[in-house]
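First the structure, in the form of structure tokens, and then the observations on it.
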Amino acid sequence: MTANSTVLQLLPADLQRERLPRHVAVIMDGNGRWAKRRGMPRIMGHRRGVDVLKDLLRCCRDWGIEALTAYAFSTENWGRPLEEVEFLMMLFERVLKQELREMMQEKVRIRFVGNLHALPLSLQAEIERAVEATANNSGIQFTVATNYGGRQEIIQACRSIAEKVQQGLIEPEQIDEALFERHLYTAGICDPDLLIRTSGEMRLSNFLLWQMAYGELYVTNTLWPDFDRNEFHQALCAYQQRDRRFGKL
Ligand code: FPP
């Protein structure tokens, strides 16, 4: 049995393989509320959120989706209580350490986008290790947005292009969408076709502002820790009913 026929078998029958999104992005909202409703500290929601993300990554791979991007920590999240920020940094580091072996087995290519220099040094080292180790894997592209802000990403791209213009390396007339995209954190990763946001809020919250120009948005009231394969299936069904015209008729 080929890998491709395995994918076909596992994909729910009501989904059309040729109309699946190539790239899915997720805003994993609602961890704190999920924990609070159960009388638990917020961090328990984040812990559970990691398990949900792992299962979604596996599900994307099983169903033949090429790329998954998750918004793990925004530039605004530094404003949370220090205890929660420290817990999240520790959680990212621990998950990376624990999951590297499995990511290698499952051929995941992990990449991080965001201003990584502001992260704790030990986390930066773990990120570098995981990115390097998985760089040549041939499976799903998993991108983690950490200390990520869409506006900041655009500003840093402008700065980097302006510097090259100043140095005479590019002419202003050469600046087009393709060149601009090569200066974003996400250079080389196709734009998301579908962005799923859990827990009901209907906004982008500074996530992938450039990349989501024509991406489809799907919002569910389900809190992230309760987002399972069944919910993902529903999101994909809704996506497949959309008429994507990219501004054309
Ligand atoms: C939003 O819920 C969630 C976060 C800011 C953190 C999400 C991070 C993870 C699930 C860990 C991912 C780990 C790796 C290694 C990629 P919230 O706290 O804003 O919930 P609330 O809206 O109910 O308060």
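Remember, predicted model here, so these are calculated numbers, not experimental data.
In this structure, I140 CD1 and C60 SG are separated by 4.5 Å, a value rounded to the nearest 0.5 Å. Distance check: T186 OG1 to D191 CG gives 7.0 Å after rounding to the nearest 0.5 Å. How far CG of L20 is from CG of D193: 10.0 Å, rounded to the nearest 0.5 Å. Between the CG atom of D228 and the OG1 atom of T222 there is a distance of 8.0 Å, given to the nearest 0.5 Å. Taken from CD in Q152 to OG in S74, the straight-line distance is 9.0 Å, to the nearest 0.5 Å. To the nearest 0.5 Å, the span separating CE on M103 from CD on Q98 amounts to 11.0 Å.
Within the 4.5 Å cutoff, no side-chain heavy atoms of W210 are placed close to those of E153. Contact check for T143 versus L68: no side-chain heavy atoms found under the 4.5 Å cut-off. Counting only heavy atoms from C-beta outward, the side chains of I110 and L96 approach each other to under 4.5 Å. Within the 4.5 Å cutoff, the side chain of N206 has heavy atoms near those of the L209 side chain. Put simply, the side chain of L223 does not reach to within 4.5 Å of the side chain of N31, judged on heavy atoms. Here the side chains of V50 and L91 are in contact, with some heavy-atom distance below 4.5 Å.
Considering only residues two or more places apart in sequence or on other chains, Y71 meets the ring pair (Phe, Tyr, Trp, His ring centres under 6.0 Å) condition with Y148, F207. Residues meeting the side-chain hydrogen bond (donor to acceptor under 3.5 Å, both in side chains) test with N136, sequence neighbours left out: none. Every side-chain hydrogen bond (donor to acceptor under 3.5 Å, both in side chains) that T69 has, sequence neighbours left out, goes to H23. Listed by chain and number, the residues in a side-chain hydrogen bond (donor to acceptor under 3.5 Å, both in side chains) with R245 are D243 (sequence neighbours excluded). Remark: E216 pairs with R242 by the side-chain hydrogen bond (donor to acceptor under 3.5 Å, both in side chains) rule, at least two apart or across chains. With sequence neighbours left out, the ring pair (Phe, Tyr, Trp, His ring centres under 6.0 Å) criterion links F112 to no other residue. By the ring pair (Phe, Tyr, Trp, His ring centres under 6.0 Å) test, W34 is found to be paired with no residue, residues two or more places apart in sequence or in another chain being considered.
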Exercise for review: Tell me, with the steps shown, if E66 and Q141 meet side-chain contact (heavy atoms from CB on, under 4.5 Å).
Suggested key: CA-CA 6 Å; E66 288 170 38; Q141 168 75 63; over 6 Å; no
Exercise for review: Decide yes or no on side-chain contact (heavy atoms from CB on, under 4.5 Å) for R22 and I65, but give the supporting numbers first.
Suggested key: CA-CA 5 Å; R22 281 180 70 198; I65 290 168; over 6 Å; no
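Taking each heavy atom of G49 and W224 in turn, the nearest pair found is O-NE1, 3.1 Å. Scanning both residues, V26 and L195, for their nearest heavy atoms gives N-CD1, 4.0 Å. Between M104 and A133, the shortest heavy-atom contact is CE-O, 3.3 Å. The two residues A157 and L184 make their nearest non-hydrogen contact at CB-CD2, 4.0 Å. The minimum heavy-atom distance between N77 and A72, with the atom names listed, is OD1-O, 4.4 Å. Residues A235 and I196 come closest through the heavy atom pair CB-CD1, 3.8 Å.
In the hydrophobic clustering of this structure, L179 groups with Y185; members are Ile, Leu, Val, Met, Phe, Trp, Tyr whose side-chain heavy atoms approach within less than 4.5 Å, directly or through other members. One hydrophobic cluster, built from ILVMFWY side chains closer than 4.5 Å, cannot hold both L217 and L236; they sit in different ones. In the hydrophobic cluster analysis, where Ile, Leu, Val, Met, Phe, Trp and Tyr join through side-chain heavy atoms closer than 4.5 angstrom, F180 is grouped together with V165. In terms of hydrophobic clustering, with Ile, Leu, Val, Met, Phe, Trp and Tyr side chains grouped at heavy-atom distances under 4.5 Å, V85 and M44 are assigned to different clusters. Under the 4.5 Å side-chain heavy-atom criterion for Ile, Leu, Val, Met, Phe, Trp and Tyr, L57 and L208 are members of distinct hydrophobic clusters.
Shown here is Q166, whose CD atom has no more than 12 heavy atoms of other residues, nucleotides or ligands within 6.0 Å. Residue R159 qualifies as open at atom CZ: its count of foreign heavy atoms under 6.0 Å is 12 or below. Counting non-hydrogen atoms of neighbouring residues, nucleotides and ligands closer than 6.0 angstrom, the CZ atom of R229 exceeds 12 such neighbours.
Ring planes of F232 and W63: parallel class, angle under 30° (limits at 30 and 60°).
T146 contributes no side-chain N or O that, together with a main-chain N or O of F73, makes up a donor-acceptor pair within less than 3.5 Å. Side-chain atoms of Q156 come within 3.5 Å of backbone N or O of H183 as a donor-acceptor pair. Checking side-chain atoms of Q211 against main-chain N and O of P192 turns up no donor-acceptor pair under 3.5 Å. Side chain of N221 to backbone of S199: no donor-acceptor contact under 3.5 angstrom is found.
Within the structure, salt bridge (charged side-chain N to carboxylate O under 4.0 Å, His left out) pairs that include any residue of residues 23-39 comprise D29-R33, D29-R197, R33-E201 (at least two apart or interchain). Sorted by first and then second residue, the pairs that involve residues 106-133 and meet salt bridge (charged side-chain N to carboxylate O under 4.0 Å, His left out), not counting sequence neighbours, are R58-E106, R61-E106, E126-R129. The salt bridge (charged side-chain N to carboxylate O under 4.0 Å, His left out) contacts involving residues 70-99 comprise R42-E84, K54-E99, R80-E84, E93-K97, where partners must be two or more places apart or lie in separate chains. Residue pairs meeting the ring pair (Phe, Tyr, Trp, His ring centres under 6.0 Å) criterion with at least one partner in residues 149-175, sequence neighbours excluded, are absent.
Other residues sharing the hydrophobic cluster of M202, ordered by chain and number and joined by side-chain separations under 4.5 Å: V219.
Exactly one of L56, D55, L53 qualifies for a side chain to side chain contact (heavy atoms under 4.5 Å, CB included) with F227. That residue is L56.
Checking N147 against H117 by side-chain atom types alone, no donor-acceptor pair falls below 3.5 Å.
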